[in-house]
Amino acid sequence: METSRRELAAMMALGGAGMALTSAQSSAQAATPVQAKLVHHVFFWLKRPGNQADRDQLIAGLRTLRAIPVIRDLQIGVPASTEKRDVVDSSFDVSELMVFDNAVDQKVYQDHEIHQAFVKSCERLWQKVVVYDMQVVPDR
């Protein structure tokens, strides 16, 4: 089937309009500010390292934090069995990693009654806690 010049011109015009629309949508998305995320990573060293009951109790306590609505993601873990390298610190017993929408939500979490109850019930288990808070740098 042969396409007339008029039909070809119409298809090209429609294609160009579609590309212009896509370009305009991309520009609009790029202009929309991306909500920066805050990552809260906590490492716990137990008073009795290697004590399974203490570790299990701490993990159970950390799981209660999932009920705090401002937490967007919560991961709980223990040291991984990865290659031993000078830059890898696997001396901790338990770690938790949380994601918040912003620093205000992280503060809400800190003051939340569930977090306060967790600290009160589990602080006797740890000898050391190290916290790393990171503001996520959005992709541009």
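Source: prediction; values computed, not measured. Positions are given from 1, in the same order as the sequence printed here.
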Measuring from atom [atom1] of [X] to atom [atom2] of [Y], what distance do you get when rounded to the nearest 0.5 angstrom?
X	Y	atom1	atom2	answer
L125	I59	CG	CD1	11.0 Å
M98	Q106	CE	CD	9.0 Å
D93	Q52	CG	CD	10.0 Å

Contact between [X] and [Y] at the side-chain level, heavy atoms closer than 4.5 Å - yes or no?
X	Y	result
P138	K37	no
H115	I68	yes
F44	S95	no
D101	R72	yes
L65	Y109	yes
D105	L38	no
V131	H41	no

All heavy atoms of F118 vs all of W126, minimum pair found to be CZ-CZ3, 3.8 Å

Heavy-atom nearest pair, Q127 first then P49, reads NE2-CG, 4.3 Å

Go through the steps for F100 and V108 under the test side-chain contact (heavy atoms from CB on, under 4.5 Å), then give the verdict.
-> CA-CA 10 Å; F100 299 94; V108 168; over 6 Å; no

Test side-chain contact (heavy atoms from CB on, under 4.5 Å) on D133 and V39; report intermediate values, then the result. CA-CA 6 Å; D133 286 334; V39 176; over 6 Å; no

ring-ring contact (aromatic ring centres under 6.0 Å, His included): which pairs involve [range], sequence neighbours left out?
range	result
residues 65-85	none
residues 58-84	none
residues 62-90	none

Trace of the side-chain contact (heavy atoms from CB on, under 4.5 Å) decision for Q110 with H40: CA-CA 11 Å; Q110 289 294 331; H40 178 70; 3.5 Å; yes

Item to complete: Could you state whether L62 and V130 fall into the same hydrophobic cluster, counting links through intermediate Ile, Leu, Val, Met, Phe, Trp or Tyr residues with side-chain heavy atoms under 4.5 angstrom apart?
Response: no

If hydrophobic clusters are built by linking Ile, Leu, Val, Met, Phe, Trp and Tyr wherever their side-chain heavy atoms come under 4.5 Å apart, do W45 and V119 end up in the same one? no

Applied to residues 53-68, the salt bridge (charged side-chain N to carboxylate O under 4.0 Å, His left out) test, sequence neighbours excluded, yields R48-D54

Residues pairing under salt bridge (charged side-chain N to carboxylate O under 4.0 Å, His left out) where one sits in residues 108-120, two or more places apart or in two chains, turn out to be K107-D111

Please tabulate, for the side chains in residues 74-88, all donor-acceptor contacts under 3.5 angstrom to protein atoms that are two or more places apart in sequence or on a different chain.
residue	atom	partner	partner atom	Å
Q75	NE2	D73	OD1	3.1
Q75	NE2	D73	OD2	3.4

